[in-house]
Amino acid sequence: VHMIRNSCVHGIEAEQERLENGKPKEGTVTLSAYHKGNSLVIDVMDDGRGLNKKRIYEKALEKNLFKKEDPVTDDQIYNMIFHPGFSTVEKVTKVSGRGVGMDVVQSAIKNLGGSVEITTEQGIGSTFRLIFPLTLAIIEGMLVKVEEQLYIIPIVNIQRSLKPSSNQL
């Protein structure tokens, strides 16, 4: 959810900016999941402005995360967004800009044995690729139907299962 929110808040430009850049006025965030080799892959893609490498670099220098003379790659610069307290927004809102979230997302992903890859192109958009071991996608579950909606509840989360009689309802 946080990754999708970030794509909407930080990635997708305002309507006027999109039109000025020859894009449709509405932005698109795409979520896809698939398996590749021994991994479960989840892509969060937006057709927004892309990460601002220069702004991230300047903010990282300002926060003394590295020195100007340090050799850094693009990937190292983009990964600064996962540093606790890191934010490049000018105005903090209730939803974004506090520098809380991306570090938590990355920690949660790492705790599951996963990793995050960032692909971004200025003015074109960004893709955050979450890669997990395929074994995470294989869990036993109980299929439950509520009205017309089906749910799968992981077996490890079920304490008790029963089929109530009509007088118990």
Open item on the list: For Asn64, give me all partners under side chain to side chain contact (heavy atoms under 4.5 Å, CB included), at least two apart in sequence or on another chain.
Closed with: none

Would you mind writing out the side-chain donor-acceptor pairs for residues 140-151 within the sub-3.5 Å range, not counting sequence neighbours?
none

Open item on the list: Quick one, Met102 and Phe86 - any side-chain contact, counting heavy atoms below 4.5 Å?
Closed with: no

Task: Heavy-atom pair of closest approach, residues Glu15 and Lys25 - done: CG-CB, 3.4 Å

Open item on the list: If I compare all heavy atoms of Thr28 with all of Asp47, which pair ends up nearest, and what's the gap?
Closed with: N-OD1, 2.8 Å

TODO: Give a yes or no on whether Ile4 and Ile118 share a hydrophobic cluster (residues Ile, Leu, Val, Met, Phe, Trp, Tyr; joining criterion: side-chain heavy atoms under 4.5 Å apart).
DONE: yes

TODO: Would you please say whether a donor-acceptor pair under 3.5 Å links the side chains of Asn167 and Ser165?
DONE: yes

TODO: Could you tell me whether the side chain of Asp43 reaches within less than 4.5 Å of the side chain of Tyr34, counting heavy atoms only?
DONE: yes

Task: Joint hydrophobic cluster, Leu61 plus Ile56, side-chain heavy atoms closer than 4.5 Å - done: yes

TODO: Determine the minimum heavy-atom distance between Pro133 and Gly113, stating which atoms define it.
DONE: CD-O, 3.5 Å

TODO: Answer with yes or no after comparing the ring centroid distance for Phe66 and Tyr57 against a 6.0 Å cut-off, counting only values under it.
DONE: yes

Open item on the list: Measuring only between side-chain heavy atoms, which start at C-beta, is Asp46 closer than 4.5 Å to Thr127?
Closed with: no

Task: Ile131 reachable from Leu31 in the ILVMFWY side-chain graph, under 4.5 Å edges - done: no

TODO: Supply the atom-to-atom distance Ser126 OG to Met45 CE, rounded to the nearest 0.5 angstrom.
DONE: 11.5 Å

Open item on the list: Nearest 0.5 angstrom please: Glu17 CD to Lys23 NZ, how far?
Closed with: 8.0 Å

Task: Within one Ile-Leu-Val-Met-Phe-Trp-Tyr cluster: Ile152 and Phe132, side-chain cutoff 4.5 Å - done: no

- [ ] Decide, yes or no, whether a salt bridge links Glu62 with Lys59 under the criterion of side-chain N to carboxylate O below 4.0 Å.
- [x] yes

Open item on the list: Would you say CD of Glu69 has more than 12 non-hydrogen atoms from neighbouring residues, nucleotides or ligands within 6.0 angstrom?
Closed with: yes

Open item on the list: Within the structure provided, determine whether His83 and Lys63 are in side-chain contact (heavy-atom separation under 4.5 Å).
Closed with: no

Task: Met3 side, atom CE; Gln106 side, atom CD - distance, nearest 0.5 Å - done: 9.5 Å

Task: CD (Gln168) with more than 12 external heavy atoms under 6.0 Å - done: yes

Task: Asp70, CG atom: more than 12 neighbouring heavy atoms under 6.0 Å - done: yes

Open item on the list: Contact between His2 and Val104 at the side-chain level, heavy atoms closer than 4.5 Å - yes or no?
Closed with: no

TODO: Indicate, with yes or no, if Phe128 and Val41 share a hydrophobic cluster defined by side-chain heavy-atom contacts under 4.5 Å among Ile, Leu, Val, Met, Phe, Trp and Tyr.
DONE: no

Task: side chain to side chain contact (heavy atoms under 4.5 Å, CB included) evaluation trace for His10 with Leu51 - done: CA-CA 9 Å; His10 298 293; Leu51 295 180; over 6 Å; no

Open item on the list: Please report the interatomic distance CG(Asp75) to OG1(Thr119), rounded to the nearest 0.5 Å.
Closed with: 8.0 Å

- [ ] Output the distance between atom CD (Glu121) and atom NZ (Lys53), rounded to the nearest 0.5 Å.
- [x] 12.0 Å

Open item on the list: For the OG1 atom of Thr120 and the CG atom of Asp74, what is their distance to the nearest 0.5 Å?
Closed with: 10.0 Å

Task: Shortest non-hydrogen separation from Val29 to Cys8 and the atoms involved - done: CG2-SG, 3.9 Å

